[in-house]
Amino acid sequence: MRYNPRETEQKWQELWNSKKSFEAKEPSAVAVAPTAGPVVRSTEASQQQGAEQSRQKKYFVLSMFPYPSGRIHMGHVRNYTLGDVVARLRRAQGFNVLHPMGWDAFGLPAENAARERGISPKQWTYDNIATMRGELKRIGLSIDWSRELATCDTTYYKHQQKLFLDFYKKGLAYRRKSFVNWDPIDETVLANEQVIDGRGWRSGALVEKRELSQWFFKITAYADDLLQSLTSLDRWPEKVRLMQENWIGKSEGAKINFRIVSGAVAVAPLGAEQSHSINVFTTRPDTLFGASFIAISAGHPMAKERAKSNPALDAFIIECNKIGNTAAAIETAEKQGFDTGLTVAHPFIAGKTLPVYVANFVLMDYGTGAIFGCPAHDQRDYEFATKYGLEIIQVVQERNEATKERSDDTLSALRPCGPSPLPYTGDGMLINSEFLNGLDVTAAKKTAIEKLKAMGIGQGVTQFRLRDWGVSRQRYWGCPIPIIHCTACGVVPVPESQLPIVLPEDADFTKGGNPLDHHPTWKHVNCPSCNAPAMRETDTCDTFVDSSWYYARFCSPHNADEPVTKSATDYWLPVDQYVGGVEHAILHLLYSRFFTRAMNETGHVSLKEPFAGLFTQGMICHESYKDEHGKWLYPEEMQKQPDGTAINVKTGKPVTVGRVEVMSKSKKNVVDPGRIIDAYGADTARLFMLSDSPPERDLEWTESGVDGAWRYVQRLWRLVDEEPFASLLSTTPSVHPGEGRDPAIRKVIHKTIAEVTDHLQRFAFNSAVAAVRKLTNTLEEYAADKNANGATFREGIEAITRLISPMLPHIASEMWEKLGHQTMLVDEAWPIADPALLIDNVVTIAVQVNGKLRATIELPRDCAKDQAEKIALSQEAVQRALNGATPKKVIIVPNKIVNVVA
RNA sequence: GCGGGCGUGGCGGAAUUGGUAGACGCGCUGGAUUUAGGUUCCAGUGGGGUGACUCGUGGGGGUUCAAGUCCCUCCGCCCGUACCA
């Protein structure tokens, strides 16, 4: 009978659910029973494994929780399938597995829905969650649904507010002024993605930068630790660690005060000292003699001060503010500067002055918001100097052979090598630099800093690129920040007894701005300390805050009194395997690492690194289609013709088949997971996700690939249901394992068990699938043989059934039942290969002549080198290739290769 | 701009440490069986050459007995860039 995925998948999902198969055991349950074996054990292999276990080990598998956008997409299916394979494998290997699911439920789209369609963010969100939960369940994931949480539940964000207060008390949360994108028409703050070409996405108004008081988390307090600890994350992808390292961006440099010598404003609101000098950060103090200008950010206090009396400068600053808030926009914009008329004294060259510019490429958030420009040795400074006709003085020259060892200052006059093309940013020797002449860059940096220090105008500093984390959002649908502002008492934390601060449900979304701010009553409260009328903080938390600690909450999701339960986090954390997209490589993962440290410092958890293992998956791509008018079409709106072209299903007109691109709603190149599961079943969808493309790489969704997966699922079923397989399986196996069985086939079976286990543990799921398919091919061939042994065949089929079970859990369970077992496959132990069957006595060796393959020979394992050489040289093809020449050298790598060098 | 990644047949990809390039699958070609439901089975399949051979892992250069793998350089695509999540 043909396999019916719809009925079978539902049957097993209901069974797992009713037996609570995937509920994690509480740490107390595991700790109390010293011999607690990993559930039912019925196989020979598990006996060795289970018996000596004194305490069941835990394994925490976490896939990044989804934003409840409305429907699940293929990216979710991939993410959760990958996590599920790990969870099911570890469960079978005897671990107490925690594999939970939740919802990253606060955020902008809910608020947009409210504005566009008048639905309340809460209702919209919970409706979406209900839909998506149903869709997720159909994938057949081994999730412990009893731990489900949503970050917009008051039972979740209540604890987040408590954490905020604890951070505040430790000085890890603070308030300062910072810039936002301001839409003057909608009177609202815009996210970077809502600013398109400098204009608000909805209003089209030119976006301004506006300074607001905002809340920050002091992530920079842990900059060094976050950097140093990266080395301990040995189960993270190297690329993610590198990206984080560069993001934190530790650099050694100097801060230098440049004294203003002319053009200084007489009265300054900043204090006399500041208005008489400009403090600059540089990583290249060695190039000070090449300095030709100072550039300050448009947001620098000095720039603002000068703008008051200079309308042209004011206009320039307004122009700079239009570029936008993103680093990419600022750094790709054409370099522009405005001469402030100020000049500063060169610290080392008496009488020399440098002009001060306001420049659009200097970032206020990094360093001191001011730089000195050395055009000869910096690309940006070079462009700037060329544009504004500023001096370009070379002070570093690449060393050549003649000057390598010398370091006296007569060398600078010698011009020992030809001029390097400027700007030159490499290492070399200092020239044109008085007391630095002849030194290398590193030594010159040190000497320059010493001199600056002695002069009292500078010092060496360590600078991080990492900035404090701005968590304030002027929005409704987020976790309210539990702070009260009182005119008399200032910033007052909400007393813990008053938590949670709950969002009002009657917010008005018809007006612009922050609904919490213009709500008639919500923000008006009495000061907890003096009882006078006061105001609530109306900013809510960045949603990255919500997702920074959800992993810890999963350990005890129902604790009503505290954010986490210590005994639970001590047992379950860290997360053993975290799975999610690379797009989170920096922000989410860095914020979580910070949050864990902050929770550690405030006594909530006892660890610092939340994720011991990390796997970053690739994205899902699909062909894109356009009709004759250039409008995007959904894949189901077109049909491929036999000649390779495509037509519109409705109009019959030709369709342009575009490139394979990341699935996105805007390009309509999406495939709905629900439709695929309806048509083929979850196992087929899962198999397609896992075969072919390695999980870390982008995956191209193709209809033919799905068909291939579908055919394999059907083929697996025939293996237990049809002839000649069914008859072979019905023969009674011997009680003694191995007796009368076919050793050659058993070898293949056990090698496959070892191989698949290894592939799965290394996330090489595509290779694991390939190995199982190969075993399937072998067993089908074997079954066609009239002398095939039934017990051998059964051993092979049972191996396949277990090996595919993490990937195709439904059909594997059904096959297991069909094979006559009373147990549930999900409670069975993972197969273990017999080591004796993994060793080959004969090996195939390649024979090369001058690196080119000429023959292959079969030799006994570990055979003597001279014997290998003799047999290799006796090969006819080898002699032909040698063409009478005598071998000069023979390289032999045992059991692998013989290379004859002629 | 900066940081990170990827590039192998017609296609997705395989190849623990440098050691037989193309496993496994898709597609295609030829044949068989059955055709009421996305069939199934057999054979073939990197390019060139009748063949011995030869050329082949984005382009160019290098190290090595041996390079998909290591080094330099160029090109293309993708991700992140701090208020999308």
Side-chain angles (χ1 to χ4, degrees), chain A residues 2 64 66-67 69 104 106-109 180-181 189-195 237-240 242-247 249 325-333 335 361 365 379-380 465-475 542-544 547 581-588 590-591 616 618-619 621 659 661-662 679-680 691-694 696-700 702-712 714-715 718 758 762 764 766-767 769-774 777 784 844-848 850-853 855-856 877 880-881 888-891 893 896-902:
Chain A
R2 200 161 184 197
M64 290 182 183
Y67 177 78
S69 57
D104 190 10
F106 275 135
L108 215 39
V180 294
N181 302 310
V189 177
L190 299 178
N192 284 337
E193 72 155 13
Q194 296 175 319
V195 181
E238 180 66 31
K239 59 173 176 181
V240 175
L242 247 176
M243 280 190 264
Q244 293 215 350
E245 186 182 322
N246 289 324
W247 184 262
N325 255 343
T326 69
I330 291 165
E331 287 176 44
T332 48
K335 310 222 167 347
F361 61 87
D365 289 317
Q379 182 65 42
R380 286 178 304 183
R465 209 186 73 100
L466 181 69
R467 310 198 297 254
D468 275 337
W469 174 14
V471 295
S472 276
R473 297 292 181 269
Q474 292 70 39
R475 305 192 206 291
D542 175 10
T543 54
F544 274 126
S547 54
V582 238
E583 62 273 21
H584 296 291
I586 295 173
L587 293 181
H588 163 61
L590 197 60
Y591 290 152
T616 55
M619 282 170 304
C621 302
R659 332 180 318 182
E661 294 185 75
V662 174
Y680 299 94
S691 25
D692 295 357
S693 288
E696 69 277 12
R697 248 194 268 176
D698 288 353
L699 173 142
E700 187 192 337
T702 59
E703 208 62 34
S704 55
V706 179
D707 285 339
W710 162 261
R711 281 201 295 268
Y712 184 66
Q714 293 297 333
R715 196 172 148 203
R718 285 199 297 273
D758 186 48
R762 288 172 28 220
N766 54 327
S767 299
V769 171
V772 180
R773 291 186 96 127
K774 203 172 180 177
N777 293 344
T844 308
I845 286 173
V847 183
Q848 298 179 336
N850 290 330
K852 281 184 183 168
L853 181 73
T856 56
R880 195 162 52 227
K888 286 186 194 132
K889 198 160 125 189
V890 179
I891 290 149
V893 181
K896 279 220 169 118
I897 204 165
V898 176
N899 190 9
V900 182
V901 185

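What you see below is based on every heavy atom in this structure, not just the backbone, and it leaves out hydrogens, waters and symmetry mates. Note on naming: letters A, B, ... go to the chains in the order of the sequence lines (proteins, then strands), and numbering restarts at 1 for each one.
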Once you apply a heavy-atom cut-off of 4.0 Å, does Lys239(A) come out as touching a base, just sugar-phosphate, or nothing? sugar-phosphate

Any base atoms under 4.0 Å from Ile845(A), or only sugar-phosphate, or nothing? Heavy atoms, all strands. nothing

With distance as the sole test, does Asn899(A) use its side chain to make a donor-acceptor pair with the main-chain N or O of Gly851(A) at under 3.5 Å? yes

Using a cut-off of 4.0 Å on non-hydrogen atoms, how would the nucleic acid contact of Phe544(A) be classed: base, sugar-phosphate, or nothing? base

Does Tyr680(A) make a side-chain donor-acceptor contact with the base of G38(B), cut-off 3.5 Å? yes

If you assign Asp468(A) and Lys896(A) each to the RNA chain B nucleotide with the nearest heavy atom, which residue ends up on the more 5' nucleotide? Lys896(A)

Would you tell me if any nitrogen or oxygen in the side chain of Asn899(A) comes within less than 4.0 Å of OP1 or OP2 on U20(B)? no

Nearest-Å distance, CG (Leu190(A)) to C1' (C83(B))? 9 Å

Using a cut-off of strictly less than 4.0 Å, decide whether Thr543(A) has a side-chain nitrogen or oxygen near OP1 or OP2 of A85(B). yes

Checking the side chain of Asn766(A) only, and the main-chain atoms of Asp692(A) only, is there a donor and an acceptor separated by less than 3.5 Å? yes

G51(B) phosphate, OP1 or OP2, under 4.0 Å from Arg880(A) side-chain N/O: no

What nucleic acid atoms does Ile891(A) come within less than 4.0 Å of, heavy atoms only: base, sugar-phosphate, or nothing? base

Is it true that a side-chain atom of Arg473(A) and a backbone atom of Asp542(A) form a donor plus acceptor pair closer than 3.5 Å? no

Select base, sugar-phosphate, or nothing to describe what Pro109(A) touches, counting heavy atoms under 4.0 Å on all strands. nothing

Whole angstroms only, please: what is the OH-C1' distance between Tyr591(A) and C84(B)? 13 Å

Nucleotide C78(B), atom C1' - distance to CZ of Arg697(A) in whole Å: 12 Å

Could you tell me whether Val240(A) contacts a base, only the sugar-phosphate backbone, or nothing, with contacts defined as non-hydrogen atoms closer than 4.0 Å? nothing

Quick one: label Ser69(A) by what it contacts on the DNA or RNA (base, sugar-phosphate, nothing), any heavy atom closer than 4.0 Å. nothing

Atom-pair distance (CZ on Arg715(A); P on C41(B)), nearest Å: 7 Å

Counting N and O atoms only, with roles assigned by atom type, does the side chain of Gln244(A) sit under 3.5 Å from a partner on the main chain of Ala585(A), one being a donor and the other an acceptor? yes

Spacing of Lys852(A) atom NZ relative to C65(B) atom C1', expressed in whole Å: 14 Å

Any idea how Tyr680(A) and Trp710(A) line up, ring-wise: parallel (<30°), tilted (30 to 60°), or perpendicular (>60°)? perpendicular

Spacing between Asn192(A) atom CG and U81(B) atom C1', to the nearest angstrom: 10 Å

Has the side chain of Arg762(A) got a donor or acceptor that lies under 3.5 Å from a partner of the other kind on the base of U16(B)? yes

Protein-nucleotide distance (Trp710(A), atom CH2; U40(B), atom C1'), rounded to Å: 15 Å

Sugar-phosphate, base or nothing in reach of Arg475(A), heavy atoms under 4.0 Å: base

Would you kindly compare Ile897(A) and Asp692(A) by the position of their nearest RNA chain B nucleotide and give the one closer to the 5′ end? Asp692(A)

To the nearest angstrom, how far is His588(A) atom NE2 from U81(B) atom C1'? 18 Å

